[in-house]
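In this chain, numbering begins with 1 at the start of the sequence shown. No hydrogens, no waters, no symmetry mates; every other heavy atom, side chains included, goes into these values. Note that ligands are numbered from 1 as they come in the structure, with each ligand's atoms numbered from 1 the same way.
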Amino acid sequence: MGETQLPVSPHVLIFPFPAQGHVNSMLKLAELLCLSGFKITYLVPKNIHQRLLLHTNIESRFSQYQGFCLQSLPDGIYEGSVSTGDDVVKLCDSLNSVAVPFLRELLTPKSDWNNTKSPITTIIADGIFSVVIDFAQEIGVPILYFRTISACAFWAYFSIHELIEAGEIPFSGNDMDLAIKKVKGMEAYLRGRDLPSFCRATDIGNPILKILSKETRETARANGLIMNTFDDLEGPILSQIQIHCPNIYTIGPLHAHLKSRLAAANSNSAPNTSSNSLWAEDRNCIQWLDQQPSKSVLYVSFGSHAVVTKEQLMEFWQGLVNSGVKFLWVIRPDSIVDQNDEEGKSKSIQEELEAATKERGYMVGWAPQEQVLAHPAVGGFWTHSGWNSTLESIMEGVPMICWPYFADQQTNSRFVGEVWKIGLDMKDTCDKVIVEKMIRELMVIKKDEFLKTANEIAKLGRKSIEQDGSSYCNLDRLIQDIRLMSN
Ligand code: UDX
């Protein structure tokens with residue numbers, strides 16, 4: 001009788017770009033794969049490793065899965081703030097120089113690490129590490145790319161080459177409102193100011209623009225592309241991407257998909273909350289929300305990278321107070337910059353605002369955002385349009401005011417305002433009168449209209465992660481394909 005070969009249990013190495021939005025969504029993917037019995041090695045720099053241990057229940061949460069390993073990268077990775085394109089370049093450069101030699105050491109068949117673990121059978125890398133594709137192809141391990149951004153922002157990055165060829169970027173003079181024609185499928189609503197912020201560079205040789213354009217094009221070399229979105233939301237744009245990258249797995253919204261699969265695995269009992277915060281969450285705001293009327297509160301948060309000046313902060317605050325709407329405002333401790341101020345003074349501005357705000361709002365340094373957006377008291381979200389935040393808001397049917405800060409956010413906010421019509425785009429302004437006007441429009445004047453459209457899209461999102469829904473089926477296909485690749 002011939003020997004029957006036992007199927008190899010997949011061991012997937014997941015390598016996220018080390019920033020909150022990326023670490024968060026790729027950990028959700030890791031947990032979804034753990035639920036299917038896969039072994040996972042999750043690779044992050046030491047500082048991210050420590051922050052996850054400090055601020056989340058990652059150890060107890062993942063202890064139920066055999067074979068989950070949170071693995072630190074060696075020293076030498078940029079640890080400063082990531083609030084400009086130059087910072088992103090510094091981080092990418094340091095990752096490329098530290099991670100590849102480390103991966104080589106890790107994945108060498110006779111390494112100490114490989115002797116104690118089963119071999120890596122697939123790599124899932126954040127889609128801006130094409131050096132990892134080179135390496136994976138060299139050692140013969142299949143590689144999938146994961147992009148944490150929306151399909152619309154991905155497609156805009158993909159089209160940078162065409163935009164440059166056609167002279168649509170760089171912009172000259174004040175033509176930010178001119179229609180952009182070279183991002184196929186978006187001709188009807190894309191203006192210069194809606195392209196990812198790095199396209200605003202005056203020099204097309206700008207390092208961040210070059211990196212994003214090159215890295216996005218390289219996606220086609222991977223065995224497949226995993227995206228945190230759903231077909232009913234971005235179908236037409238996904239069809240454009242598919243021409244170049246045929247094997248796409250749209251499995252989002254990942255936070256909701258994980259919640260629903262965990263509930264099914266635990267026989268519908270309420271799953272543990274799976275926060276992946278890199279800052280300490282202030283949960284007292286939930287008790288404050290409990291005391292507010294239904295849909296009355298505007299939640300305000302600009303994510304993990306955005307920074308504001310003291311002047312911008314004051315415009316925001318005055319607009320918020322003048323609107324008369326109650327608000328829950330996240331001001332990250334490291335988010336106020338003012339070149340002329342010493343750090344101590346910036347801090348006291350935050351404290352002053354907090355004291356002055358007590359009547360109308362509540363301020364925290366970092367919130368349990370998924371729980372906040374799901375709270376019945378929250379009726380609107382003033383956001384920087386990071387993709388995780390946008391998806392979290394979409395799934396709860398919460399309309400948005402968008403104040404995009406950088407990168408993909410400029411494109412996401414245009415889609416929220418102009419395509420999906422679930423909010424207002426405030427990009428490129430910071431004026432208390434406009435702030436007040438938009439808050440009143442979203443939360444009072446057109447409240448019912450926005451809530452209705454937001455609920456319709458939320459329904460489509462929920463449908464996509466139900467059994468037989470598009471994201472549900474695509475995740476099953478991904479799991480099946482990783483199993484096949486592992487044998
Ligand atoms: C940026 C990009 O803009 C985003 O599109 C990309 O995918 C990752 O990098 P970021 O500024 O981190 O993202 O925003 P976002 O993608 O919205 O992620 C922020 C995450 O932090 C969200 O999951 C949100 O729930 C969480 N968060 C934010 C909190 O848990 N508490 C807070 O107070 C604020």
- [ ] Working to the nearest 0.5 Å, report the span between CG of N412 and OG1 of T383.
- [x]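 N412 atom CG to T383 atom OG1 measures 9.0 Å (nearest 0.5 Å).
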- [ ] Over 60° means perpendicular and under 30° means parallel, so classify the ring planes of F316 and W403, tilted if in between.
- [x]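 Aromatic pair W403/F316 classed perpendicular.
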Task: Over 12 non-hydrogen atoms of neighbours within 6.0 angstrom of NZ in K182 - done: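 It does not: K182 NZ has 12 such atoms or fewer within range.
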Distance to 0.1 Å, residue and atom name: give those for the protein heavy atom nearest to [atom].
{"atom": "atom 13 (O) of ligand 1", "answer": "H305 CD2, 4.0 Å"}
{"atom": "atom 27 (N) of ligand 1", "answer": "W366 CZ2, 3.2 Å"}
{"atom": "atom 20 (C) of ligand 1", "answer": "Q20 CG, 4.0 Å"}

Looking at ligand 1, does any of its N/O atoms fall within less than 3.5 Å of an N/O of [X]?
{"X": "S304", "value": "yes"}
{"X": "N388", "value": "yes"}
{"X": "D408", "value": "yes"}
{"X": "S385", "value": "no"}
{"X": "W387", "value": "yes"}

Taking the six-membered ring for Trp, are [X] and [Y] closer than 6.0 Å centroid to centroid?
{"X": "Y299", "Y": "F327", "answer": "no"}
{"X": "F302", "Y": "H384", "answer": "no"}
{"X": "Y157", "Y": "F154", "answer": "no"}
{"X": "F406", "Y": "H305", "answer": "yes"}
{"X": "W288", "Y": "H375", "answer": "no"}
{"X": "F415", "Y": "Y189", "answer": "yes"}

Open item on the list: Strictly below 4.0 Å, N to O, side chains only: are K90 and D93 in salt-bridge contact?
Closed with: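 Looking at K90 and D93, the cut-off is not met.
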Task: Pairing residues for D86 by the salt bridge (charged side-chain N to carboxylate O under 4.0 Å, His left out) criterion, not counting sequence neighbours - done: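 Checked D86 against salt bridge (charged side-chain N to carboxylate O under 4.0 Å, His left out); zero matches.
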Which atoms from ligand 1 have a heavy atom of [X] less than 4.0 Å away?
{"X": "Y299", "result": "32 (C), 33 (O)"}
{"X": "S389", "result": "15 (P), 17 (O)"}
{"X": "S301", "result": "34 (C)"}
{"X": "V330", "result": "33 (O)"}
{"X": "G21", "result": "8 (C), 12 (O), 18 (O)"}
{"X": "S277", "result": "30 (O)"}
{"X": "H22", "result": "8 (C), 9 (O)"}
{"X": "A367", "result": "29 (C), 30 (O), 31 (N), 32 (C), 33 (O)"}

TODO: Please collect all salt bridge (Lys or Arg N to Asp or Glu O under 4.0 Å) contacts where either partner lies in residues 385-407, sequence neighbours excluded, each pair once.
DONE: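 Passing the test, one end in residues 385-407: no pairs.
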Side chain, backbone, both or neither: the part of [X] lying under 4.0 Å from ligand 1 by heavy atom:
{"X": "E392", "value": "side chain"}
{"X": "T148", "value": "both"}
{"X": "H384", "value": "side chain"}
{"X": "Q409", "value": "side chain"}

